[in-house]
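Computed from a predicted structure; not experimentally measured. Naming: A, B, ... by sequence-line order, numbering from 1 per chain.
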2 protein chains.
Amino acid sequence: MEQLEIFKALANTTRLNILLWLKDPQGSFPGQEKYGFEHGVCVGQIQQKAGLTQSTVSEYLAVLQRAGLVKATRVGQWTYYQRNEEAFAALSQLIQQEL
Amino acid sequence: MEQLEIFKALANTTRLNILLWLKDPQGSFPGQEKYGFEHGVCVGQIQQKAGLTQSTVSEYLAVLQRAGLVKATRVGQWTYYQRNEEAFAALSQLIQQEL
DNA sequence: TCGGGATATCGGTTATTTCCGATATCCCAA
DNA sequence: TTGGGATATCGGAAATAACCGATATCCCGA
């Protein structure tokens, strides 16, 4: 969890939005109903909401994952993404203590 | 204090370092002794430590200031910069509550 | 085992960021 | 009032990021 990498990941409107949407999956992704929410939300749903191409959203999710801000779970042909709340808590701590 | 602007400001190694250095001005800027520390550290000291040109460092400090992370005080021909601790506290809060 | 759906990766174009040198401004002291 | 020191701003070259379309991979069901 490299701190520069985290801030770079957060320095983009779409990626920030994705993180906010994932905070309330049920509210933000009604289309996800049929897949369930237990592992998060799958890429297609996020792509649709972001209004960007599949490749871009996939890359953005990879950036967020490399920063440790989200976790991915592969189930069959779907990859579900969810927030990694520990990372946010750690970041909050880091800012008020070390930064 | 726009949150995207803050993360962009933090997404650069030199700017992160400047913030860390300003956390301990006495320890980080022995050359500042003769000017005193009450208003912060002046640009020349920061530039010297960063090892970048004067224009670049000046611009970086402006970025940090626009993000609200540092405060500037002009005294004579010097501009002193210091951290805005309220901004860090607010950012820490924002991350654990809204983000 | 083949076809199609979901996601990842690759290569490219354009926008943005990084960092520089040159120059402008602003302030003090002589 | 002018010269020089400190900082800010401007214009540009190079590196990086933001996206895209095309293609590859991976998985499932027929």
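B/Q47 places a side-chain N or O within 3.5 Å of a backbone atom of B/L52 that can act as its donor or acceptor partner. Side chain of A/R74 to backbone of A/G76: a donor-acceptor contact under 3.5 angstrom is found.
Under the 4.5 Å side-chain contact rule for hydrophobic residues, B/L20 and B/Y81 do not share a cluster.
Of the inter-residue distances, the one linking B/L19 atom CG with B/N84 atom CG reads 10.5 Å to the nearest 0.5 angstrom. One finds the CG atom of B/L61 at 11.0 Å from the CZ atom of B/R66 (value rounded to the nearest 0.5 Å). Between atom CD of residue B/E86 and atom CD of residue B/Q93 there is a gap of 13.5 Å, rounded to the nearest 0.5 Å. To the nearest 0.5 Å, the span separating CD on A/E5 from CG on A/L64 amounts to 10.5 Å.
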N/O-N/O pairs, protein side and nucleotides 3-5 of chain C side, under 3.5 Å:
unit_1, atom_1, unit_2, atom_2, d
C/dG5, N2, A/Q77, NE2, 3.3
C/dG5, N3, A/Q77, NE2, 3.1

Give me the distances for all protein-to-nucleotides 14-18 of chain D N/O pairs that come in under 3.5 Å?
unit_1, atom_1, unit_2, atom_2, d
D/dA18, OP1, A/N12, ND2, 3.2
D/dA18, OP1, A/R15, NH2, 3.2
D/dA18, OP2, A/R15, NH1, 3.1

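When the side-chain nitrogen and oxygen atoms of B/T79 are compared with OP1 and OP2 of D/dT7, none of them lie within a distance under 4.0 Å. Distances shown here put a side-chain N or O of B/T53 below 4.0 Å from the OP1 or OP2 atom of C/dC20.
Atoms CD (A/Q47) and C1' (D/dC20) sit 12 Å apart, rounded to a whole Å. One can place CD of B/E59 at 10 Å from C1' of C/dT17, the figure rounded to the nearest angstrom. Nucleotide D/dT7 holds its P atom 14 Å from the CD atom of B/Q65, rounded to whole Å. One can place CG of A/L64 at 15 Å from C1' of C/dA8, the figure rounded to the nearest angstrom. For A/Q45 and C/dT7, the CD to P distance is 9 Å, given to the nearest whole Å. Here C/dT7 presents its P atom at 13 Å from CD1 of A/I18, a figure rounded to the nearest Å.
B/Q77 is linked by a side chain to side chain contact (heavy atoms under 4.5 Å, CB included) to nothing, counting only residues two or more places apart in sequence or in another chain. In this structure, the side chain to side chain contact (heavy atoms under 4.5 Å, CB included) partners of B/S58, at least two apart in sequence or on a different chain, are B/Q54.
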Distance-only donor-acceptor pairs under 3.5 Å for side chains of residues 8-15 of chain A, two or more places apart:
unit_1, atom_1, unit_2, atom_2, d
A/N12, OD1, A/T14, N, 3.0
A/N12, OD1, A/R15, N, 3.0
A/R15, NE, A/A9, O, 2.8
A/R15, NH2, A/K8, O, 3.1

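Closest non-hydrogen pair, A/K49 versus A/S28, comes out as NZ-O, 3.1 Å. Between A/V41 and A/Q32, the shortest heavy-atom distance links the atoms CG1-OE1, 3.5 Å.
At a threshold of 4.0 angstrom between heavy atoms, the contacts of B/Y80 with the nucleic acid are absent. The residue A/L52 sits close only to the backbone: its heavy atoms come under 4.0 Å of sugar-phosphate atoms, none of a base.
Judged by distance alone, with hydrogens and angles left aside, B/Q54 brings a side-chain donor or acceptor within reach of the base of D/dA8, the pair sitting under 3.5 Å. For a distance-only test at 3.5 Å, the side chain of B/S55 qualifies as a donor-acceptor partner of the base of C/dG21.
Shown for residues 19-32 of chain A: no residue has heavy atoms falling under 4.0 angstrom of DNA chain C.
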